[in-house]
Amino acid sequence: MGVHIQNKIRLALGSVKDHASIGKAMIYNHHERKAFSDIEIAVLRATGHDNGPIGDKYMHEILFLVSNSPGSIPFLAERISRRLCKTRHRLVALKTLSLIHRLLRGGNRCFEQQLRSAHVSGHLQMSTNSFRKCSDPWSSFLRSYAAYLEERVGWAINQAGKLEPVMFNGLEFGCYEEKSVDMVFRKLPKCQAFIDRVLDCSPRDIVPVADSLAQAALVNTLKESFQVYIMLCDGIEILINMFFDLTRPARALACDILKRASRQSKELHDLYETCKRVMEHKNLEYPNVQIITMDHVLALEQCSSFMSTSTSTTPPPLSDCLTTLGKESKKEGNGDNGSSSSQFSCTMETKISKVWVVFEEDDGELQVPMAMDIV
């Protein structure tokens, strides 16, 4: 009973604060451009202290005002950042972060680029310093969600409606000009950094996940992770197919990427299974996560080591590396039959067969011995 009364008091105080902030914005911006004042008021109303989600009408209002007010996006970014920095209320903080997420998803390409530029210039900041010292599940989720959005700003929605990383001038491989190499060594690390931020948003406690606002934030995060995971799988497939054509430094980098992918695949599988159990949203189409085992990665790494130490200019066959692995696993079996490695460690002999084979021809019969028999 006492907790219920406290929540009502907090809600009433929060409503008073919202009205005071809106009134202050009206007075302060009375002599400024009216559109800027309307933008600030719309932000305050969208991120109010009530328990409801962000109203679509506020989203449409913000997008409409910004599209009709040139140069207003830095102002919008500053007001959102100020709202997030000053609040001590977890619902207001989560609403403000959700507003940023929805603006990244709901605006056009030009708006998205300008919002990203506002983040680079420092106008848009996703600081959760007010909740840094708190150890409760809500504060932990807020920090993780803010870190996810920091990474999400570096991604854009292409014309097909899919996420893709925004690539800046950076790592270049002069000896490789193929698109596949660009995909592996530039986009794959971006995909893996994105997946790491998603994994940090894992629902560790039922308290934040039970809230409808937190679930809405998680749903959007999961939907975007599905697209990035598919891109990650495509990149891993390309990487494995081209592995033996890479130089030694590139193979070392590829092994690091595969090791990280092995860890992420297991954790992402567990995250999706947890979300299926605890979240009310049942219409999400979860991808089938293919778990990459560390044994596969170590086999490729050992092949890479063998190629580096070999004096031959041609790469060794994969069976040589697998033969070595088979012998090692046989030693570790302590008397095991070693059936898994016998196909790589058996000896071969060539013998001349005494069996004669008869071939029929037009002129007669011709008998020839078989050349060899492998046993």
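Just so we're clear, the structure is a prediction, and the values are computed from it rather than from any experiment.
Counting heavy atoms from C-beta on, the side chains of Ile230 and Phe226 never come closer than 4.5 Å. His269 places a side-chain heavy atom less than 4.5 Å from the side chain of Glu273. Between Leu103 and Leu63, some side-chain heavy-atom pair lies under the 4.5 Å cut-off. Between Leu300 and His296 there is no side-chain heavy-atom pair separated by less than 4.5 Å. Counting only heavy atoms from C-beta outward, the side chains of Ser72 and Leu65 never approach each other to under 4.5 Å. Counting heavy atoms from C-beta outward, Arg105 and Asn220 have side chains that approach closer than 4.5 Å. Leu218 places a side-chain heavy atom less than 4.5 Å from the side chain of Met279. Looking at Ile41 and Ser37, their side chains come closer than 4.5 Å, going by heavy atoms from C-beta outward.
Tracing side-chain contacts under 4.5 Å through hydrophobic residues (I, L, V, M, F, W, Y), one reaches Val228 starting from Leu284; they form part of the same cluster. Leu268 and Met294 end up in the same hydrophobic cluster when Ile, Leu, Val, Met, Phe, Trp and Tyr side chains are linked at under 4.5 Å. Connection of Val278 to Leu213 is established within a shared hydrophobic cluster, with ILVMFWY side chains joined at heavy-atom distances below 4.5 Å, either directly or through further cluster members.
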How far apart are the C-alpha atoms of Glu301 and Arg251, what are their side-chain angles, what is the distance that settles it, and do they pass the salt bridge (Lys or Arg N to Asp or Glu O under 4.0 Å) test? CA-CA 8 Å; Glu301 193 172 33; Arg251 289 199 305 270; over 6 Å; no

Criterion side-chain hydrogen bond (donor to acceptor under 3.5 Å, both in side chains) on Asn129 and Ser127, from CA distance to verdict: CA-CA 6 Å; Asn129 291 334; Ser127 173; 2.9 Å; yes

Walk me through it: do Glu112 and Arg116 pass the test salt bridge (Lys or Arg N to Asp or Glu O under 4.0 Å)? CA-CA 6 Å; Glu112 192 177 356; Arg116 187 179 305 110; 3.6 Å; yes

Could you check Glu40 against Val43 for side-chain contact (heavy atoms from CB on, under 4.5 Å), going step by step and ending with a plain yes or no? CA-CA 5 Å; Glu40 182 173 7; Val43 169; 5.7 Å; no

Can you list the steps and then say if Arg263 with Glu267 is a salt bridge (Lys or Arg N to Asp or Glu O under 4.0 Å)? CA-CA 7 Å; Arg263 173 187 61 81; Glu267 295 180 4; 3.3 Å; yes

Carefully, step by step, assess Leu91 and Thr47 under the rule side-chain contact (heavy atoms from CB on, under 4.5 Å). CA-CA 8 Å; Leu91 283 179; Thr47 58; over 6 Å; no

Go through Asp56 and His60 one step at a time and tell me if the side-chain contact (heavy atoms from CB on, under 4.5 Å) criterion holds. CA-CA 6 Å; Asp56 290 338; His60 297 323; 4.1 Å; yes

Any chance you could lay out the salt bridge (Lys or Arg N to Asp or Glu O under 4.0 Å) test for Asp38 and Arg45, step after step, and finish with the verdict? CA-CA 11 Å; Asp38 293 339; Arg45 287 175 175 170; over 6 Å; no

Worked check of side-chain contact (heavy atoms from CB on, under 4.5 Å) between Met126 and Ile100: CA-CA 9 Å; Met126 287 163 271; Ile100 297 173; 3.6 Å; yes

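Contact between Arg197 and Ala147 at its shortest, heavy atoms only, is CD-O, 3.6 Å. Residues Ala193 and Glu151 approach most closely at CB-OE2, 4.0 Å, considering heavy atoms. For Lys259 against Val297, the heavy-atom pair with the smallest separation is CG-CG1, 3.6 Å. Here the shortest heavy-atom pairing between Val66 and Leu76 reads CG2-CD2, 3.8 Å. Across Thr87 and Ser130, no two heavy atoms sit closer than the pair O-OG, 3.4 Å. Nearest heavy-atom pair, Asp200 versus Ser144, reported as atom, atom and distance to 0.1 Å: O-OG, 3.1 Å.
Under the side-chain contact (heavy atoms from CB on, under 4.5 Å) criterion, Gln264 pairs with Gln192, Ile195, Asp196, Leu199, Leu232, Arg260, sequence neighbours left out. Residues satisfying the side-chain contact (heavy atoms from CB on, under 4.5 Å) criterion with Asp256, sequence neighbours excluded, are absent altogether.
Under a 3.5 Å cut-off, the side chain of Glu164 and the backbone N or O of Asn158 do not form any donor-acceptor pair. Under the 3.5 Å distance criterion, the side-chain polar atoms of Ser139 are left unmatched by any main-chain donor or acceptor of Ser135. Of the possible donor and acceptor atoms, one in the side chain of Arg88 sits under 3.5 Å from a partner among the backbone N and O of Lys86. Remark: side-chain polar atoms of Thr128 are not paired, donor with acceptor, to backbone N or O of Ala146 under 3.5 angstrom. Side-chain atoms of Ser140 never come within 3.5 Å of backbone atoms of Pro137 as a donor-acceptor pair (strictly under, hydrogens ignored). A donor-acceptor pair is defined here as one N or O able to donate and one able to accept, closer than 3.5 Å; such a pair exists between the side chain of Arg152 and the backbone of Trp155. Of the possible polar contacts, one joining the Ser121 side chain to the Ala118 backbone as a donor-acceptor pair under 3.5 Å is found. Proximity of a side-chain donor or acceptor of Ser265 to a complementary backbone N or O of Ile292 within less than 3.5 Å is detected.
A distance of 11.0 Å separates OH of Tyr58 from CG of Leu44, quoted to the nearest 0.5 Å. Atom SG of residue Cys233 and atom CD1 of residue Ile238 lie 11.5 Å apart, to the nearest 0.5 angstrom. Here SG of Cys201 is found 10.0 Å from CG of Leu142. Values are rounded to the nearest 0.5 Å. In this structure, CD1 on Ile62 lies 12.0 Å from OG on Ser67, to the nearest 0.5 angstrom. A distance of 7.0 Å separates CE in Met59 from CD1 in Ile54, rounded to the nearest 0.5 Å. Of the inter-residue distances, the one linking Tyr272 atom OH with Tyr286 atom OH reads 8.5 Å to the nearest 0.5 angstrom.
Defined by atom type and a distance below 3.5 Å, a donor-acceptor pair is present between the side-chain atoms of His119 and Glu150. If you check the side chains of Thr96 and Arg83, you find no donor sitting under 3.5 Å from an acceptor.
Comment: Lys187 does not engage Asp234 in a salt bridge, judged by the lack of any side-chain N to carboxylate O separation of less than 4.0 angstrom.
Aromatic ring centroids of Tyr148 and His101 lie under 6.0 Å apart. Taking the six-membered ring for Trp, Tyr229 and Phe194 have ring centres at least 6.0 Å apart.
Using bins of under 30°, 30° to 60° and over 60° for the plane-to-plane angle, the ring pair Phe141/Tyr145 lands in the parallel bin.
The 12-atom threshold is not exceeded at NZ of Lys57, counting heavy atoms of other residues, nucleotides or ligands nearer than 6.0 Å.
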